[in-house]
Amino acid sequence: MAQIQVQGQNGSVNNGAGGGNNQFVPTSLYVGDLDSSVTEAQLYDYFAHVGPVLTVRVCKDLSTRRSLGYGYVNYGNPQDAARALDLLNFTLLNGKPIRIMYSNRDPSLRKSGAGNIFIKNLDKGIDHKALHDTFSAFGNILSCKVATDSSGQSKGYGFVQFDNEESAQKAIEQLNGMLMNDKQVYVGPFVRKQERDSAISNVKFNNVYVKNLSESTSDDDLKTIFGEFGLITSAVVMREPDGKSKGFGFVNFENTDDAARAVESLNGKKFDDKEWYVGKAQKKSERELDLKLQFEQSMKEAADKFQGANLYVKNLDDSISDEKLKELFSQYGTITSYKVMRDPSGISKGSGFVAFSTPEEASRALAEMNGKMVVSKPLYVAPAQRKEDRRARLQAQFSQMRPVTMSPSVAPRIQFR
DNA sequence: GTTGAGCGA
């Protein structure tokens with residue numbers, strides 16, 4: 001079946017969005033940022049308030065059956081879809097603002113990042129909707145969001161993705177440096193952190209790193225291929241003591257411009273069916289720093305995943321052992337770790353942690369076990385907090401918010417609401 | 001000071 005593109009008056013592009021009911025007008029909504037507890041029945045009921053819903057789906061991981069945090073709502077009528085987008089976008093579902101977009105199975109616009117802008121120094125009182133309303137004056141917004149912490153508090157920056165680059169340019173020109181709620185905002189093109197970093201640190205270089213080489217690629221092959229871009233002072237494929245290629249190498253150029261051009265044109269190219277990575281060679285110290293940062297990042301992500309499934313238990317009777325703790329909770333799901341905290345002499349601190357394989361299991365266990373009498377006293381059960389989160393929370397309790405004083409500016413005030 | 005995630009699993 002052919003996909004037909006419809007060009008809207010404002011330059012928006014809707015290509016016969018899924019659903020299978022209508023190829024020409026958008027009736028299918030993508031609903032993102034769903035809390036993992038949101039069910040299909042709930043989505044259905046919620047969106048049916050606006051008009052008759054044909055089908056809904058919450059996408060789930062095939063193996064774990066856990067919600068992937070997004071789904072689809074299909075209407076029969078495009079006006080209903082439009083109204084739902086307008087009325088329900090950013091409203092709370094199970095405590096979390098949902099983000100609605102027209103479904104578009106073609107990822108090219110999303111991937112290109114065209115029309116995507118970044119806003120910082122946002123007043124904490126500006127929410128998704130206020131941001132959306134302000135920026136919608138410049139064009140059709142595909143997606144918009146204020147970055148928030150786990151409690152929904154604004155982090156003071158956000159994103160707006162327009163459906164075309166011109167709208168983004170207009171928004172940047174007219175709003176960058178303006179006051180919103182008395183704070184002077186920065187509005188600029190969205191640049192991935194990684195790209196920003198490399199733009200700063202990628203000063204001139206002669207030495208080029210190339211990886212994902214096929215087994216058979218030789219020093220001479222590198223010389224030939226890279227030699228097209230300028231004079232090479234050395235080209236080496238790194239090898240094991242037995243001569244086997246390590247699959248990466250270094251090419252040193254006489255001239256930094258040639259090195260840059262080689263990176264520009266060869267990165268991502270395929271040789272012998274292997275897609276080469278070609279980039280500035282890092283010093284060993286730079287490489288190690290990168291690896292360290294990457295490692296820390298992945299640890300953080302792992303911790304985040306774990307978090308929702310981890311419970312903190314206190315008011316435990318001293319007689320409760322690790323095994324007993326596990327036993328108490330095991331009927332609610334698969335326990336992935338458990339521990340009673342003890343002081344150095346081995347005496348129970350009366351608290352501990354129980355982690356489940358999913359947040360759903362954990363919340364069931366919390367509901368059932370909190371306040372339950374065990375041995376001599378009622379258990380206290382709560383979601384486990386990460387150390388940093390806990391510290392931030394305690395600090396917030398004791399510190400007072402002060403109004404931010406901004407320096408005077410001639411820019412006109414942008415008023416929300 | 002803060003530069004996501006995102007399409008029918």
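First the proteins, then the strands, lettered A, B, ... as listed; each starts at 1.
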TODO: Apply the test salt bridge (charged side-chain N to carboxylate O under 4.0 Å, His left out) to residues Lys129(A) and Asp133(A): give CA-CA distance (whole Å), side-chain angles for both, the deciding distance (0.1 Å), then the verdict.
DONE: CA-CA 6 Å; Lys129(A) 191 159 171 34; Asp133(A) 291 351; 3.8 Å; yes

- [ ] Select from Lys120(A) and Ser143(A) the residue whose nearest nucleotide in DNA chain B is closer to the 5' end of that strand.
- [x] Lys120(A)

- [ ] Look at the side-chain N and O atoms of Arg57(A) and state whether any lies under 4.0 Å from the OP1 or OP2 oxygen of dA9(B).
- [x] yes

TODO: Please list, chain by chain and in numerical order, all residues satisfying side chain to side chain contact (heavy atoms under 4.5 Å, CB included) with Ser108(A), sequence neighbours excluded.
DONE: Asp106(A)

Open item on the list: Under 4.0 Å, counting only non-hydrogen atoms across every strand here, what does Asp149(A) touch: a base, just sugar-phosphate, or nothing?
Closed with: nothing

- [ ] Round to the nearest Å and state the distance from Arg110(A) atom CZ to dG6(B) atom P.
- [x] 10 Å

Open item on the list: Evaluate Asn252(A) against Ser234(A) for side-chain hydrogen bond (donor to acceptor under 3.5 Å, both in side chains), listing each step before the verdict.
Closed with: CA-CA 5 Å; Asn252(A) 204 60; Ser234(A) 77; 5.1 Å; no

Open item on the list: In whole Å, I'd like the distance from the CG atom of Asp106(A) to the P atom of dG8(B).
Closed with: 11 Å

- [ ] Report the distance from atom NE2 of His128(A) to atom P of dG4(B), rounded to the nearest whole Å.
- [x] 16 Å

- [ ] Could you state the atom-to-atom distance from OH of Tyr75(A) to C1' of dG8(B) in whole Å?
- [x] 17 Å

TODO: From the options dG4(B), dT2(B), dG8(B), select the nucleotide whose nearest atom is closest to the side chain of Arg192(A).
DONE: dG4(B)

Open item on the list: According to a cutoff of under 5.5 Å between the ring centres and under 30° between the ring planes, does Tyr30(A) stack with the base of dC7(B)?
Closed with: yes

Open item on the list: Any N or O donor-acceptor pair under 3.5 Å from the base of dA9(B) to the side chain of Tyr70(A)?
Closed with: yes

Task: Sugar-phosphate only, base, or nothing, as touched by Leu68(A) at under 4.0 Å among non-hydrogen atoms - done: base

- [ ] Taking ring pair (Phe, Tyr, Trp, His ring centres under 6.0 Å) as the test, write out the residues that go with Tyr44(A), two or more places apart.
- [x] none

